[in-house]
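First up is the structure itself, then whatever we jot down about it.
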Amino acid sequence: MEPGRRTGWLGAGPENPTGGRVPPFRTRIIVAETKTKKTPRPAPAPQTQRAEVWRVVVLNDPVNRMSYVVMVLRRVFGFAEERARKHMLAIHETGRSVLWSGTREQAEAYVFALQQWHLTAVVQPEHAA
Amino acid sequence: MKRVEIKLNISAVAPLLDVIKQAADDLRGSLAIRATFPENDEEFNETWTSELLAGQNSDVRELLGLFGSEFFAEGSIAIDSPNSDSLLRGCSALRIQILTHWLQGIPADLLEDEDVPPEAIADELRVPFAAYTFLDQVQKIILEHLDPTAAEA
């Protein structure tokens, strides 16, 4: 990937609470076609489709100590101690916990930050959970 | 700025460094935990991986830097707030690699036990196991004394 496409590599700030690198979000370029050839017009798409919600899921791992996981969750998500501990226990006891849900790009940023701290984290569309 | 100095027994720690350095070499070209990608796009995933790898290598280098000539002269390592994040992540990456390379056969309850009797571990795994628990203790000290969550306040 050429450097020019690495847009969205943020420093510390509300979008990147860890202050570290964030994933290689890409600028999505839409090229408008100017061809005039007539093609059958498709039926208009229904307007009920909403923006999809994505989840950040952290999975259990056998290595990282509990206090480390709590610290990482506090750093990455800005959670209070109690909330981070609750998620850590859910991860430990059930094997996974949904930490956050929202836009895909922000979910990707969180997963990247968690992987920087060597936690096993995945992004999932909410309907797949 | 907080600073913690840890006095170590050089003769006890030196053999562990061989394992730690081997784990660090193993990690130079691969991630401790295989990355999962949000997109099915080879180019995107390659960039994602290379950025994680660059960070991991930097963290591991920071950790190995603690055990330079000063450590062998003084027998102590110094950890302060600015390098504590790197050291925490470096310890984590190396522990995962040590587990993957040497300790897969050890039951999880032993791996989590801080007071495992040496006879519970096979002879040939004692040094890797000691390196694994040593890095865990370094992490523990950082977490207890440097309060890395304070950075968010």
Side-chain angles (χ1 to χ4, degrees), chain A residues 1-3 5-6 9 12 17-26 28 54-81 84 92 104-125, chain B residues 27 31-39 41-56 58-59 84-86 88-100 103-104 106-109 111-112 114 132 135-137 139-140 142-144 146-153:
Chain A
M1 179 179 289
E2 67 272 28
R5 290 184 65 193
R6 291 183 179 179
W9 293 73
T18 64
R21 293 183 176 121
V22 297
F25 297 140
R26 295 159 305 172
R28 298 181 196 277
W54 294 78
R55 287 178 164 177
V56 175
V57 182
V58 175
L59 308 177
N60 194 28
D61 75 72
V63 174
N64 291 305
R65 61 166 46 243
M66 291 180 179
S67 55
Y68 177 84
V69 175
V70 169
M71 182 278 298
V72 173
L73 298 185
R74 293 187 68 187
R75 290 289 295 274
V76 172
F77 295 98
F79 290 164
E81 169 87 21
H92 186 68
R104 180 173 185 155
E105 287 206 341
Q106 184 62 62
E108 288 179 1
Y110 280 133
V111 165
F112 187 83
L114 291 164
Q115 290 183 5
Q116 283 182 307
W117 287 92
H118 309 291
L119 298 193
T120 306
V122 294
V123 180
Q124 289 179 342
Chain B
L27 285 177
L31 293 170
I33 286 188
R34 209 175 69 181
T36 55
F37 307 111
E39 301 204 19
D41 176 331
E42 199 175 320
E43 200 179 4
F44 178 90
N45 296 347
E46 206 172 285
T47 308
W48 180 288
T49 303
S50 66
E51 286 299 320
L52 286 176
L53 193 57
Q56 178 182 278
S58 167
D59 294 337
S84 63
D85 278 7
S86 277
L88 283 168
R89 288 191 296 257
C91 285
S92 181
L94 288 165
R95 293 185 73 228
I96 291 165
Q97 182 58 27
I98 291 169
L99 175 71
T100 305
L103 307 178
Q104 290 282 12
I106 296 182
D109 57 329
L111 289 171
E112 289 176 11
E114 291 188 4
Y132 180 83
L135 293 171
D136 180 51
Q137 292 305 306
Q139 267 194 332
K140 188 178 175 184
I142 295 172
L143 289 167
E144 285 179 357
L146 291 176
D147 186 17
T149 53
E152 76 189 58

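Remember, it's a predicted structure, so these values are computed and weren't measured experimentally. Every chain is numbered from 1 and lettered A, B, ... according to where its sequence line falls, protein lines coming before strand lines.
- For Glu114(B), the part lying near chain A is the side chain, with the backbone staying farther off; criterion is any non-hydrogen pair under 4.5 Å.
- Minimum interatomic distance between Glu108(A) and Trp48(B) (heavy atoms only, all atoms of both residues): O-CH2, 3.4 Å.
- Using a 4.5 Å cut-off between heavy atoms, Ala35(B) touches chain A through backbone and side chain atoms alike.
- Proximity of Pro62(A) to Leu111(B): side-chain heavy atoms (C-beta onward) are nowhere separated by under 4.5 Å.
- Expressed to the nearest 0.5 Å, how far SG of Cys91(B) lies from NE2 of His118(A) amounts to 10.0 Å.
- Neither the backbone nor the side chain of Ala107(A) comes within less than 4.5 Å of any heavy atom of chain B.
- Within the model, atoms CD1 of Ile33(B) and CG of Leu59(A) stand 9.5 Å from one another, a figure rounded to the nearest 0.5 Å.
- Taking each heavy atom of Gln137(B) and Arg65(A) in turn, the nearest pair found is NE2-NH2, 4.2 Å.
- The number of heavy-atom neighbours closer than 6.0 Å to CD of Glu144(B), taken from other residues, nucleotides and ligands shown, is above 12.
- Using a 4.5 Å cut-off between heavy atoms, Val63(A) touches chain B through backbone and side chain atoms alike.
- Pairing each heavy atom of Val123(A) with each of Pro38(B), the nearest pair is CG2-CB, 4.0 Å.
- For the atom pair CG (Asp59(B)) and CH2 (Trp117(A)), the distance works out to 8.0 Å, reported to the nearest 0.5 Å.
- Using a 4.5 Å cut-off between heavy atoms, Leu88(B) touches chain A through backbone and side chain atoms alike.
- Between Gln115(A) and Glu51(B) there is no side-chain heavy-atom pair separated by less than 4.5 Å.
- Of all non-hydrogen atoms in Ala121(A) and Thr36(B), the two that sit nearest each other are O-OG1, 2.7 Å.
- Atom-to-atom distance recorded for Asp85(B):CG and Met71(A):CE is 6.5 Å, nearest 0.5 angstrom.
- Contacts between Phe37(B) and chain A at a heavy-atom distance below 4.5 Å are absent for every atom of the residue.
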side-chain contact (heavy atoms from CB on, under 4.5 Å) between Met66(A) and Glu112(B), worked out: CA-CA 10 Å; Met66(A) 291 180 179; Glu112(B) 289 176 11; over 6 Å; no
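- With rounding to the nearest 0.5 angstrom, the OH atom of Tyr68(A) is 11.5 Å from the CG atom of Asp136(B).
- Contact annotation for Ile96(B): both backbone and side-chain heavy atoms come within less than 4.5 Å of a heavy atom of chain A.
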